[in-house]
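Some notes on the structure that comes next.
What you see is a predicted model, and the numbers here were worked out from it, not measured in a lab.
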Amino acid sequence: MNKLFWANLNRLHRDKSFLFGCILMAGMSIYFPILYYVEQGEKANPNNYFWNFNLVIGVIAAVCCSMYLGTEYSDRTMRNKLIAGHTRKDIYLSNLIIGTLACFFAVAVYIAAESLVGIPLNGNVRMDPWELAVRFLVSGLMILAYVSIFTMISMLNQNKASGAVANILLFFALLVLAFVVKARLTEPEFLTNDYILNELGEMTQKEPMPNPRYLQGTARAVYEFLYDFLPTGQMIQMCSQVFIWWQRMALCNVGITAVTTGIGMYLFGKKDIR
């Protein structure tokens, strides 16, 4: 598998989708520190934007996996690898590894550029080392989960365009689902915004009324688990600094990676490659 890995790595630096992802990350890492500095001055807190690479890493993973692997099919590189005697398992795993490294490198570009611009303007991230390590761990596992999902779809789809569309649509579907789940979880327990005119002609607030949309018990536990399970839900929590069940997030990412990789390798092993 070493030969496959180095061949993939040699081709990666020429991949336009990968280069675009790195440029996008660099642009974001410069834009956010300047924006916060202009708006808040010395009060700007880098914690509010440092983790924003999570906002777009899912899209970058979706595009890079589909375009890179789609090119392998269109250029018949995939077929040539099989003819050369490489096993399907090695081909699949090498592509999964290279996709993960591509996303990690894009994040490294973001952090490097943010450090060059953000630290002189707003200072360093204000977190203790343990919290910083935990956030990086969950972010890394979240990226691995993204890549494993999009690699599975791309490896099973020989058409580059349809693979890209499928990956991007799936990402945004998961994003919408995460926002729907978040909206339900943030419903207030009581409704207290209505005002009435009392007998003295004064505006008074109504007595708080139970909100029928407020989740309780098992339903709330299910929604909280789904919010932590979805990579897009983790993304929202990372960027909003609401970060509670990091252990559950990490385990969910490991589970997603294991299941999608197992399914992908099994189906790819039976796929007829033209």
Side-chain angles (χ1 to χ4, degrees), residues 1-26 56-110 140-175 231-232 253-254 256-274:
M1 191 166 75
N2 287 338
K3 291 182 179 180
L4 287 172
F5 172 76
W6 289 111
N8 287 345
L9 194 62
N10 183 56
R11 194 163 65 85
L12 178 65
H13 76 276
R14 298 191 300 271
D15 187 81
K16 292 181 180 179
S17 61
F18 167 68
L19 296 176
F20 174 78
C22 291
I23 293 171
L24 176 62
M25 281 293 199
V56 296
I57 195 61
V59 176
I60 291 174
V63 174
C64 283
C65 287
S66 55
M67 299 303 289
Y68 181 88
L69 297 177
T71 301
E72 286 219 325
Y73 278 116
S74 62
D75 292 350
R76 296 187 177 276
T77 306
M78 192 78 71
R79 186 176 181 83
N80 291 338
K81 287 179 178 178
L82 292 172
I83 294 174
H86 297 291
T87 66
R88 296 193 178 214
K89 174 184 175 182
D90 287 348
I91 293 173
Y92 192 99
L93 290 177
S94 65
N95 286 330
L96 177 64
I97 292 170
I98 206 69
T100 304
L101 288 179
C103 290
F104 283 169
F105 186 83
V107 171
V109 169
Y110 177 95
L141 293 175
M142 181 191 70
I143 291 171
L144 185 57
Y146 273 134
V147 173
S148 65
I149 293 170
F150 299 136
T151 296
M152 178 186 68
I153 295 173
S154 300
M155 290 291 285
L156 300 177
N157 194 329
Q158 298 189 36
N159 185 283
K160 180 163 59 176
S162 62
V165 170
N167 280 345
I168 293 172
L169 288 179
L170 176 59
F171 170 78
F172 282 106
L174 293 175
L175 183 61
T232 46
N253 287 329
V254 171
I256 291 171
T257 301
V259 171
T260 53
T261 301
I263 294 173
M265 289 176 62
Y266 174 77
L267 295 178
F268 181 67
K270 294 182 173 296
K271 184 176 178 60
D272 180 25
I273 298 177
R274 298 185 297 274

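Summarising the geometry, atom CG belonging to N167 is positioned 11.0 Å from atom SG belonging to C64; distances are rounded to the nearest 0.5 Å. Of the inter-residue distances, the one linking S74 atom OG with M67 atom CE reads 8.5 Å to the nearest 0.5 angstrom. Residue Y146 holds its OH atom at 9.5 Å from CD1 of I256, rounded to the nearest 0.5 Å. Interatomic distance, SG of C65 versus CZ of F18, reported as 12.0 Å (0.5 Å rounding).
Residues T232 and L174 share a closest heavy-atom pair of OG1-O, 2.8 Å. Across all non-hydrogen atoms, the minimal contact from P231 to M142 is O-SD, 3.5 Å. What you find for S66 and S154 is that their closest heavy atoms are CA-OG, 3.2 Å. What you find for G264 and L156 is that their closest heavy atoms are O-CD2, 4.2 Å. Residues T257 and S148 come closest through the heavy atom pair CA-OG, 3.5 Å. Taking both residues in full, the closest heavy atoms of I168 and A62 are given as N-CB, 4.2 Å, listed atom of the first, atom of the second, then distance.
Side-chain atoms of I98 and R11, non-hydrogen and from C-beta on, never get closer than 4.5 Å to each other. For the pair F268/M78, a side-chain contact is recorded, criterion being any heavy-atom separation below 4.5 Å from C-beta on. Put simply, the side chain of F150 does not reach to within 4.5 Å of the side chain of L69, judged on heavy atoms. The shortest side-chain heavy-atom distance between I97 and T100 does not fall under the 4.5 Å cut-off. A 4.5 Å side-chain heavy-atom check between L144 and N253 finds every atom pair outside the cut-off. Proximity of R88 to M265: side-chain heavy atoms (C-beta onward) are nowhere separated by under 4.5 Å.
Not counting sequence neighbours, F104 has no partner by the ring-ring contact (aromatic ring centres under 6.0 Å, His included) test. Partners of Y110 according to the ring-ring contact (aromatic ring centres under 6.0 Å, His included) rule, which considers only residues two or more places apart in sequence or in another chain, are F53.
With a 6.0 Å radius and a threshold of 12 heavy atoms from other residues, nucleotides or ligands, K16 has its NZ atom at or below the threshold.
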Pair M155-K271, side-chain contact (heavy atoms from CB on, under 4.5 Å): steps then yes or no: CA-CA 9 Å; M155 290 291 285; K271 184 176 178 60; over 6 Å; no

Derivation and outcome, side-chain contact (heavy atoms from CB on, under 4.5 Å), residues T261 and Y92: CA-CA 9 Å; T261 301; Y92 192 99; 4.1 Å; yes

Verdict with supporting geometry, T151 and N95, side chain to side chain donor-acceptor pair (under 3.5 Å): CA-CA 8 Å; T151 296; N95 286 330; over 6 Å; no

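Applying side-chain contact (heavy atoms from CB on, under 4.5 Å) to M152 and the options V259, L96, T260 leaves one that passes, T260.
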